[in-house]
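Inspection log for the structure reproduced underneath, given as structure tokens.
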Amino acid sequence: MPKTYPPSAKTAARAHITAENYGPMYEQSINDPDTFWGEHGKRVDWIKPYTKVKNTSFEPGKVDIKWFEDGTLNVSANCVDRHVETRGDQTAIIWEPDDPNTTESLHITYAELQVHVCKMANILQELGVGKGDRVVLYLPMIPEAAYAMLACARIGAIHSIVFAGFSADALGARINGSDAKVVVTADHAPRGGRSTPLKSNCDAALLHCKDSVKCLVVKRTGEQTTWTDRDYSYNDMRLEADDYQKPEEMNAEDPLFILYTSGSTGQPKGVVHSTGGYLVYASMTHQYTFDYHDGDIFWCTADVGWVTGHSYIVYGPLANGATTIMFEGVPTYPDAGRFWEVCAKHKVNQFYTAPTAIRALMGAGNEWVEKHDLSDLRLLGSVGEPINPEAWNWYNEVVGKGNCPIVDTFWQTETGGHMITPLPGATTLKPGAAQTPFFGVKPVVLDPQSGVEIHGNDVEGVLCISDSWPGQMRTVYGDHERFEKTYFGDYAGYYFSGDGCKRDEDGDYWVTGRVDDVINVSGHRMGTAEVESALVAHVAVAEAAVVGYPHDIKGQGIYAYVTLMNGQVPTPELRKELETWVRAEIGPIAKPDLIQWAPGLPKTRSGKIMRRILRKIAEDDFGSLGDTSTLADPSVVDDLIENRMNRN
Ligand code: ATP
Ligand code: MG
């Protein structure tokens, strides 16, 4: 049995949710959602209180999701105004720049935030943006990104954020896709010591958009940019803009934002989130999963270009009156100690990042962590991919010094907030498992072929959710049919996550990876995550990605791409050793048939491995790699094709 970690007495004593109240609360959330959410919906301020709570259907052809449908509210009033009355001088946002040696960090109070948001709202209105209009944000991680999100929410406009690392083409497609009226961008985006010319990317994108689209430009570096008739200067306009703007009264079901998924499995989807249900869910998960308390300093290292940044940098924390950190940089700049330096500098209490970053920093060596005072850390979080036990243990021991519970949060762009996650005061942690459903979430395991629900414990299948929760996406922008087909088309009556999972003997959930990634070796179905975890557990291995490829005898063979730790040399002996290692760790069936040394792996810009591309390479089919527009570094793919293993 691998080691498990019950909540410490100290953690449990402070926690909002404990082993005692989790059970009854969860039962009520499932058996009587109207009462449960009717009560918890009050955590946000309503202009007109709701009288109806849940009105949802997963029925084929009639999928329809409404929560709090007759209530009205404003998200920016909830994230800003209501705190100005009670904690106006408290810091709302700490901004930490890319380069700490040339730029100071900023502290923005709730009172200041209100002025910034109102000015931005007035500027957008002046540019012709009104309720229901779409605004694309293509910005660095600067406070203006949060101002713009909240300004849209204030006037009832729908924002669609495009990660600043995306190309002009990807930006243009998203501007046209949502028929946006305005794009908000900046001159340049510094990141990791390099600078992306956002404004000129934007110019290139706008060549393919309607002439009427306006461009609002925020000054970040002050570098010269071209200027056309459609461009407006945020910094000039804000001098004249009024510093108050009344929040628009919005219906709970009015869309708050559109956001495209990361594109790991295919064409990105324009996910639409609501105003009321989303805010209730984002704020509640933020408070309970991270056991957030007043006065805590919360840091989520994501970019606002991803849903994690929406829910856990901006909407969740600010709805809860938290101090949230916005970090412009990358984990390894100016050096591999940057995350820990920022934690020490701002006395961070809760720290939330992705396995890809944890693995990279683990590879860089413990000395980078040990240099910094991390004594304020109380909790660590992980999101984006399954976290390998090896990385979990390192995070726990080296970063958390054994004192910080780790919450491995499973969720998706589509779910708005955490779905399956430990709760720090209630859950006995198991490294590598997401474990327990959040309130209102009813996970089920289905047989992938028959779609029949598998009951009991110690079972495996596909992960579906059998009823709606408030943070659920409402539709695919402009294409409700695609929404139904993508998420409800495979298993009638269920929301299908696309992921495989195990429910272990204790009833805890382990997400085993995307169903598309499951391999079938001689009749044994295997999640790629398991083989990858075994490889990463070897001292020489920094990262691994596993896919299936056609194999004459076994049906599918195991093809492993392996990135070695700094300083390790790839040799035939090491290859043999890794094969033996996996065989010993999991069993003979899991022994990789082919191991390719991979100096880098193809990843989305949010850091997830794109196994579908690796699969194509393993299958010798690289004529049709599919949509690669969300790939972070396309050159990685060429190298892998060049050096592929199963050349006939
Ligand atoms: P696309 O849907 O376009 O293929 P994507 O699924 O990568 O892209 P996201 O919504 O960013 O887009 O990611 C959600 C997915 O990330 C989940 O379906 C799951 O595969 C994975 N994931 C996220 N968190 C975890 C976690 N804690 N454990 C395991 N897997 C996770
Ligand atoms: Mg997905």
Side-chain angles (χ1 to χ4, degrees), residues 161 163 166 170 174 259-271 273 285 289 300 302-312 352-358 380-389 391-392 395 406-422 429-438 441 443 462-465 471-473 476 482-483 486-487 490 495-502 508-518 527-530 532-533 602-613 615 626-632:
I161 306 191
F163 175 55
F166 279 134
R174 285 159 175 72
L259 182 63
Y260 288 84
T261 54
S262 15
S264 307
T265 54
Q267 200 79 23
K269 301 162 276 275
V271 166
H273 277 291
T285 46
T289 303
C300 161
D303 191 284
V304 290
W306 315 123
V307 73
T308 309
H310 285 65
S311 299
Y312 302 113
Y352 189 33
T353 196
T356 178
I358 299 168
L380 302 171
S382 171
V383 59
E385 289 178 288
I387 176 168
N388 338 82
W392 196 102
Y395 203 24
I406 296 178
V407 289
D408 174 4
T409 62
F410 166 81
W411 61 296
Q412 308 177 295
T413 309
E414 295 89 340
T415 69
H418 305 146
M419 296 298 280
I420 302 183
T421 175
L429 303 172
K430 291 181 183 169
Q435 297 193 280
T436 48
F438 194 78
V441 174
V462 295
L463 175 61
C464 288
I465 311 291
Q472 184 172 22
M473 74 182 282
V476 168
R482 184 171 177 206
F483 173 60
T486 307
Y487 303 104
D490 291 84
Y495 168 84
F496 174 39
S497 67
D499 291 296
C501 87
K502 265 192 321 215
D508 284 319
Y509 290 87
W510 299 69
V511 178
T512 49
R514 298 156 196 285
V515 168
D516 298 355
D517 296 336
V518 168
T528 52
E530 203 177 350
E532 288 165 7
S533 283
K603 292 188 181 174
T604 64
R605 289 180 192 263
S606 53
K608 298 183 198 210
I609 298 167
M610 274 198 194
R611 289 185 191 72
R612 65 181 164 86
I613 290 181
R615 210 155 37 226
D627 183 0
T628 53
S629 67
T630 63
L631 206 57

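Scope of the values below: all heavy atoms of this structure, side chains included, with no hydrogens, waters or symmetry mates. The structure displayed is predicted, hence computed values, not measured ones. When a ligand or atom number is given, it counts from 1 through the structure's own listing order. Numbering starts at 1 and runs along the sequence shown.
- W411 and H418 have perpendicular rings, their planes meeting at more than 60° on a 0 to 90° scale where under 30° would count as parallel.
- Looking at every heavy atom in both residues, T356 comes nearest to S606 through CG2-O, 4.4 Å.
- Remark: of the listed residues D508, L463, T512, V511, T512 is the sole one forming a side-chain contact (heavy atoms from CB on, under 4.5 Å) with K502.
- Looking only at protein heavy atoms, the nearest one to atom 25 (C) of ligand 1 is E385 N, 3.7 Å.
- The salt bridge (charged side-chain N to carboxylate O under 4.0 Å, His left out) test applied to R615 returns D517, not counting sequence neighbours.
- When only non-hydrogen protein atoms are considered, atom 11 (O) of ligand 1 lies nearest to S262 OG, 2.9 Å.
- For atom 18 (O) of ligand 1, the closest non-hydrogen atom on the protein side is D499 OD2, 2.5 Å.
- A salt bridge is defined here as a Lys NZ or Arg NE, NH1 or NH2 lying under 4.0 Å from an Asp or Glu carboxylate O, and E532 with R611 meets this definition.
- Heavy-atom proximity to T413, at under 4.0 Å, picks out these atoms of ligand 1: 9 (P), 10 (O), 11 (O).
- At under 3.5 Å, not a single nitrogen or oxygen of S382, backbone or side chain, sits near a nitrogen or oxygen of ligand 1.
- Interface atoms of ligand 1 facing E414, defined by a heavy-atom separation under 4.0 Å, are 10 (O).
- Between G432 and W510, the shortest heavy-atom distance links the atoms O-CE3, 3.4 Å.
- Closest to atom 13 (O) of ligand 1 among all protein heavy atoms lies K608 NZ, 2.6 Å.
- For ligand 1 and V511, the ligand atoms under 4.0 Å from any heavy atom of the residue are 29 (C), 30 (N).
- At the top of the distance list for atom 7 (O) of ligand 1, counting protein heavy atoms only, stands S264 OG, 2.5 Å.
- From the protein, the heavy atom lying nearest to atom 29 (C) of ligand 1 is P386 N, 3.1 Å.
- The closest approach between a heavy atom of A434 and any atom of ligand 1 is not below 4.0 Å.
- When all heavy atoms of Y509 and A433 are compared, the closest pair comes out as O-CB, 3.7 Å.
- Close approach to W411 involves these atoms of ligand 1, each under 4.0 Å from a residue heavy atom: 14 (C), 17 (C), 23 (C), 24 (N).
- Scanning all protein heavy atoms for the shortest distance to atom 22 (N) of ligand 1 gives G384 O, 3.2 Å.
- Using bins of under 30°, 30° to 60° and over 60° for the plane-to-plane angle, the ring pair F483/Y487 lands in the tilted bin.
- Residue-to-ligand polar distances keep P268 apart from ligand 1: every N/O pair is separated by 3.5 Å or more.
- Minimum interatomic distance between P355 and E385 (heavy atoms only, all atoms of both residues): CG-O, 3.5 Å.
- Between atom OH of residue Y395 and atom CG of residue D408 there is a gap of 10.0 Å, rounded to the nearest 0.5 Å.
- Looking at R514, R612, Q435 and measuring to atom 6 (O) of ligand 1, the nearest heavy atom belongs to R514.
- Among all protein heavy atoms, the one lying closest to atom 2 (O) of ligand 1 is K269 NZ, 3.4 Å.
- Closest approach of G500 to V515, counting heavy atoms only: N-CG2, 3.6 Å.
- Counting the atoms of ligand 1 from 1 in the order shown, those under 4.0 Å from a heavy atom of T409 are 24 (N), 25 (C), 26 (C), 27 (N).
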